[in-house]
Every structure is written in C-alpha cells, then in structure tokens.
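Accompanying notes for the structure given below.
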Amino acid sequence: QVQLVESGGGLVQPGGSLRLSCAASGRSFSNYVMGWFRQAPGQEREFLGRISGNGDRTFYQESEQGRFTISRDNAANMVYLQMYSLKPEDTAVYFCAAGIPLSIIQVRYDYWGQGTQVTVTS
C-alpha cells in the first residue's frame with residue numbers, strides 16, 4: 001500500500017515553469033509505475049504521463065511531449081512533474097498515482113494523492 005501527497009502547486013504566469021512533487025510512503029515504492037494526471041473544472045481527468053518503477057522508461061501524452069518531464073528518486077520515495085511554458089489551459093488540479101502494469105500499454109492505478117492546484121494566469 002502507498003500513500004501519496006502532492007505539493008508544489010500555485011499561481012504562475014503564462015510562459016512560466018513549475019515543478020510538482022509527489023511524496024510516497026509505504027512499501028515497495030520502486031515496484032510501482034507512477035503516473036501524473038490533471039483535472040480542470042468541468043473536465044474529465046486527463047492522463048499526462050508515467051514513469052516506470054526503476055525510472056528507466058517514461059511515456060507522455062502526445063500533446064504534452066516536450067513541455068512536461070517526469071522523474072523519480074526512489075531512494076527518497078519521490079516523483080516529480082516538471083512543467084515548462086505553462087499556458088492558462090494548464091490550470092487544473094494535478095494528481096499523482098501509483099499503479100501496476102497490466103500490459104505494455106495498460107496500467108492499473110490503485111493509489112492516488114489528494115491533488116495540488118496549479119493556476120496559470122497573468
């Protein structure tokens with residue numbers, strides 16, 4: 001079982017950068033694929049990307065490739081989402097999640113953080 005807490009959200013101007021953190025507690029953190037998601041008001045939850053348990057592979061939503069970078073530090077039980085060139089449409093609550101791969105393309109996310117608000121505005 002894993003408990004997750006996101007932090008690092010806040011207000012940022014368009015074009016700015018922000019790094020979100022996700023602190024994990026529990027057993028066998030390195031066994032979990034870690035994903036990042038976001039949900040804007042009135043919108044469906046959106047998948048942003050994920051990183052493998054040992055950190056050697058990442059996968060990103062095509063539309064966000066190049067702007068978002070996911071990394072992890074298993075010794076510290078941390079995963080990060082670095083965001084660049086932020087736009088007002090990036091405004092959302094951002095969530096991290098821990099999951100188990102079911103196939104090469106499917107992950108079952110069992111554990112979720114509470115989310116952290118990111119607001120992009122001038």
Side-chain angles (χ1 to χ4, degrees):
Q1 184 168 320
V2 178
Q3 296 80 46
L4 305 171
V5 179
E6 302 94 336
S7 63
L11 196 152
V12 62
Q13 293 188 359
S17 301
L18 202 61
R19 188 179 78 160
L20 306 183
S21 298
C22 176
S25 62
R27 301 176 65 86
S28 303
F29 174 66
S30 64
N31 289 347
Y32 291 97
V33 173
M34 296 297 298
W36 282 97
F37 300 77
R38 68 184 179 189
Q39 187 167 22
Q43 302 295 316
E44 292 282 293
R45 184 182 62 196
E46 178 186 11
F47 169 74
L48 299 175
R50 62 176 181 258
I51 186 167
S52 61
N54 64 7
D56 66 342
R57 298 186 306 279
T58 53
F59 176 82
Y60 300 98
Q61 185 185 56
E62 291 291 337
S63 63
E64 309 299 340
Q65 189 97 9
R67 289 205 305 131
F68 295 174
T69 300
I70 298 171
S71 61
R72 69 191 294 164
D73 181 350
N74 285 346
N77 280 18
M78 297 288 291
V79 63
Y80 306 97
L81 176 65
Q82 178 69 56
M83 302 184 290
Y84 304 96
S85 301
L86 287 165
K87 309 170 183 178
E89 50 264 43
D90 293 320
T91 296
V93 177
Y94 285 70
F95 301 89
C96 64
I100 299 295
L102 302 178
S103 71
I104 193 168
I105 61 171
Q106 187 176 3
V107 178
R108 185 188 72 214
Y109 293 100
D110 292 329
Y111 307 105
W112 295 79
Q114 84 291 343
T116 185
Q117 176 72 46
V118 172
T119 302
V120 184
T121 185
S122 59

> Is the NZ or CZ atom of R67 both under 6.0 Å from the centre of the six-membered ring of Y84 and within 45° of that ring's axis?
Replying inline: no
pair [X]-[Y]: side-chain heavy atoms closer than 4.5 Å:
X	Y	result
T121	L11	yes
Q114	E6	yes
P101	V33	yes
V118	L18	yes
M83	Y94	yes

> Do the ring planes of F47 and Y109 sit parallel (below 30°), tilted (30 to 60°) or perpendicular (above 60°)?
Replying inline: tilted
Which distance, rounded to the nearest 0.5 Å, do you find between the [atom1] of [X] and the [atom2] of [Y]?
X	Y	atom1	atom2	value
W36	R50	CH2	CZ	16.0 Å
R72	C22	CZ	SG	9.5 Å
F59	I51	CZ	CD1	14.0 Å
Q1	S25	CD	OG	9.0 Å
N77	R27	CG	CZ	12.0 Å
I70	C96	CD1	SG	10.5 Å

> What do the steps show when you test E44 against Q39 for side-chain hydrogen bond (donor to acceptor under 3.5 Å, both in side chains), and what is the final call?
Replying inline: CA-CA 6 Å; E44 292 282 293; Q39 187 167 22; 5.8 Å; no
> Does atom CD1 of I105 have more than 12 heavy-atom neighbours from other groups under 6.0 Å away?
Replying inline: no
> Mind checking whether V79 and I100 sit in one hydrophobic cluster, side chains of I, L, V, M, F, W, Y counted as touching below 4.5 Å?
Replying inline: yes
>> Quick check on the 6.0 Å ring-centre criterion: do F95 and F37 meet it?
In response: no
>> Let's go through Y80 and R19 carefully: what are the C-alpha distance in whole Å and the side-chain angles of both, what is the deciding distance for side-chain hydrogen bond (donor to acceptor under 3.5 Å, both in side chains) to 0.1 Å, and is it a yes or a no?
In response: CA-CA 7 Å; Y80 306 97; R19 188 179 78 160; 4.9 Å; no
> For L4 and A24, which heavy atoms make the closest approach, and how far apart are they?
Replying inline: CD2-CB, 3.6 Å
